[in-house]
Asks: 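Take this structure, written in structure tokens, and hold onto it; I'll ask about it next.
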Amino acid sequence: MDLFDYMRQEEQKKEAPLASRIRPKTLDEFVGQEHIIGPGKLLYRAIKADKLSSVIFYGPPGTGKTTLAMVIANTTSSLFEEINASTSGKKDMEAVVMRAKDNLGMHGKKTILFIDEIHRFNKAQQDFLLPHVENGTVILIGATTENPYFEVNSALVSRSTVFELKPLSDENIKVLVKRAVYDVERGMGSFNAEITDEAVDFLANVAEGDARKALNAVELGILSTEPDKESGKILITLDVAQECIQRRAIRYDKNGDNHYDIISAFIKSMRGSDPDAAVYYLAKMLYGGESVTFIARRIMICACEDVGIADPQAVQVAVSCALAAERVGIPEAQIILAEAAIYVATAPKSNAVVNAIFSATDAVKRYSNAEVPPYLKDAHYSGSKELGHVGYKYAHDYPKHYVEQQYLPDILKDEKFYIPGENGYEKDVTEWMEYIKDGKNGK
């Protein structure tokens, strides 16, 4: 590298966006992803010991994939090469591999190759890396927002350890926002700025786990806000934060009373067969940054508790949408959750299943020692007949595959726990049970 290259790189560092400048240089500065780089974790130990093998970092934007690669670059004694799959091609990889071979042969130094957006390489480009990764010419660090098991060649995935990065928590984002405002060396500390707790909470909430989104808003706020005439400080208030991220704050505290009020209204709207209200409260929760998993869980519960067998498809729709929403993520997940909420809201309602299990549980508590009728007990071992485990009537041997037989313990033989409602499929259940019992087969 000549003097001009060095000067150009230094100038680029100064002019780089805040999100790039504030990146940590060591593992101790890294925020979030404790499940993979917490002390004692495999990746943490490998980086600390400088014994990293090929890895692929997979996760949403702004969760620290590139940052983690930069930390490794600052930690390792190996040479570090970086390319972006969206702007590079096979020739760039060939040049890196050639330098890696020379450095390994002449100086005994390994080379780490970081490929950002590796999923953008086509199959042939990814295949080119295989032998060089396998023989140790380069240690690969791939970063991708797409599922590598679908978007990266299976042969390359099998030669790497995949680490999934999760969206950062609100607390993680708050740490980074405050660091960005007050860090003099790499942040905006030299601008003499302050940020209110309300603004920090808002940015952490609307960032939805994406640190870059919050840091970009901080940078824009500080650069575009005039200093206060009296104090001389640049004050980042809630209003400034809202303007910088082009989103209004709503009254929705994920840990407060308002959180429970909204989710309560959401559930009661689905139970009350009001799809418009259900979608409104769903939108309010999503806009407020509520967890997709939390919302999906409540829809699944409502599908069983308030719809039940009146529409057995409701729980299937709720579960399928829950899995799809978690897999796809925001923003598309809002459409999937809306489909589930509307389906449950418009489905016929019944709480017969709830009544059945609660009544049965109460009976279990009252008659905990009620004995199973002897003919229902296990009769597959020698000696069972001597114990009286005989007399069971096999339902499939009778017309309509039904035979009248006492299944409940004697003390509970007249109890009715499940009483079908009159809505939806439960009407059919009542008709079917009456049909098979007509004639009282086997009595």
Side-chain angles (χ1 to χ4, degrees), residues 1 3-33 37 47 57 59-76 79-88 112 114-117 141 143 145 165 167-196 199-200 202-204 206-227 232-236 240-241 243-246:
M1 179 189 299
L3 180 60
F4 295 105
D5 289 333
Y6 174 78
M7 294 298 292
R8 184 170 60 251
Q9 285 190 10
E10 289 301 305
E11 189 62 29
Q12 284 177 343
K13 287 179 183 178
K14 291 179 185 177
E15 298 299 322
L18 172 63
S20 179
R21 298 197 312 273
I22 202 73
R23 280 193 173 119
K25 294 180 179 179
T26 66
L27 271 177
D28 295 331
E29 293 179 355
F30 196 91
V31 176
Q33 311 305 338
I37 57 166
I47 295 172
F57 297 141
T63 52
K65 299 183 295 298
T66 303
T67 299
L68 196 47
M70 294 300 103
V71 168
I72 292 169
N74 292 326
T75 305
T76 183
L79 297 168
F80 192 88
E81 299 267 5
E82 178 184 0
I83 59 177
N84 190 302
S86 61
T87 56
S88 304
I112 292 177
F114 172 55
I115 304 179
D116 202 4
E117 300 187 80
I141 300 178
T145 55
L165 279 72
L168 297 179
S169 70
D170 285 7
E171 292 307 312
N172 293 153
I173 301 288
K174 289 176 186 179
V175 170
L176 293 172
V177 166
K178 290 179 180 178
R179 183 184 294 177
V181 173
Y182 299 112
D183 188 304
V184 176
E185 184 182 346
R186 284 178 285 163
M188 309 289 286
S190 59
F191 285 80
N192 193 27
E194 283 188 4
I195 186 167
T196 66
V200 172
F202 170 73
L203 290 175
V206 300
E208 296 171 336
D210 184 340
R212 191 180 293 109
K213 187 186 295 184
L215 294 174
N216 287 344
V218 168
E219 184 173 30
L220 179 59
I222 291 176
L223 293 178
S224 62
T225 303
E226 291 292 330
K233 289 183 176 292
I234 296 172
L235 188 60
I236 306 300
V240 173
E243 189 177 3
C244 289
I245 212 163
Q246 288 297 293

Asks: If you define the side chain from C-beta out and look only at heavy atoms, does anything of Val206 sit under 4.5 Å from Lys213?
Replies: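 SC-SC contact between Val206 and Lys213 ruled out.
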
Asks: List the atom of Asn192, the atom of Gly232, and the distance in Å for their closest heavy-atom pair.
Replies: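 Scanning both residues, the minimum pair turns out to be ND2-O, 3.5 Å.
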
Asks: Could you report the tightest heavy-atom contact between Ala207 and Ala214, atom names first, then the distance?
Replies: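 Shortest heavy-atom separation between Ala207 and Ala214 comes out as CB-CB, 4.0 Å.
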
Asks: Considering all heavy atoms of both residues, which atom of Ala85 and which atom of Ile115 are nearest to each other, and what is their separation?
Replies: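 Heavy atoms only, the tightest pair is CB-CG2, 4.1 Å.
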
Asks: On a heavy-atom basis, which atom in Tyr182 and which in Ala193 lie closest, and how many Å separate them?
Replies: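 Looking at all heavy atoms of both residues, the shortest contact is CE2-O, 3.4 Å.
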
Asks: Please examine the side chains of Ile222 and Ile236, heavy atoms only from C-beta on, and report whether any two atoms are closer than 4.5 Å.
Replies: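 In short, these two side chains touch, coming nearer than 4.5 Å.
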
Asks: Does any part of the side chain of Asn74, heavy atoms only, come nearer than 4.5 Å to the side chain of Phe80, both counted from C-beta?
Replies: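 Not touching, per the 4.5 Å side-chain cut-off.
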
Asks: Tell me yes or no: between the side chains of Ser86 and Asn84, is some donor less than 3.5 Å from an acceptor?
Replies: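 Distance-only check passes for Ser86 and Asn84.
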
Asks: For Thr76, check side-chain hydrogen bond (donor to acceptor under 3.5 Å, both in side chains) against everything at least two apart and list the hits.
Replies: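 Residues passing side-chain hydrogen bond (donor to acceptor under 3.5 Å, both in side chains) with Thr76: Asp50, Ser78.
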
Asks: Could you tell me whether a side-chain N or O of Glu219 sits under 3.5 Å from a main-chain N or O of Pro17, the two making a donor and an acceptor?
Replies: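 Absent.
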
Asks: Begin with the C-alpha distance, continue with both residues' side-chain angles, and end with the deciding distance and a verdict on side chain to side chain contact (heavy atoms under 4.5 Å, CB included) for Gln33 and Lys65.
Replies: CA-CA 10 Å; Gln33 311 305 338; Lys65 299 183 295 298; over 6 Å; no

Asks: Does any part of the side chain of Leu203, heavy atoms only, come nearer than 4.5 Å to the side chain of Ile173, both counted from C-beta?
Replies: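 Ile173 vs Leu203: side chains apart.
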
Asks: Can you list the steps and then say if Thr196 with Leu235 is a side chain to side chain contact (heavy atoms under 4.5 Å, CB included)?
Replies: CA-CA 8 Å; Thr196 66; Leu235 188 60; 4.3 Å; yes

Asks: Indicate the atoms forming the closest heavy-atom contact of Leu168 with Ala211, along with that distance.
Replies: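 Closest heavy-atom pair between Leu168 and Ala211: CD1-CB, 3.6 Å.
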
Asks: Which residues pass the side-chain contact (heavy atoms from CB on, under 4.5 Å) test with Ile22, not counting sequence neighbours?
Replies: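 Once residues adjacent in sequence are excluded, the partners of Ile22 under the side-chain contact (heavy atoms from CB on, under 4.5 Å) criterion are Leu18, Arg179, Asp183, Arg186, Leu215.
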
Asks: Listed by chain and number, what are the side-chain hydrogen bond (donor to acceptor under 3.5 Å, both in side chains) partners of Glu185, not counting sequence neighbours?
Replies: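 With neighbours one apart ignored, the set is empty.
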
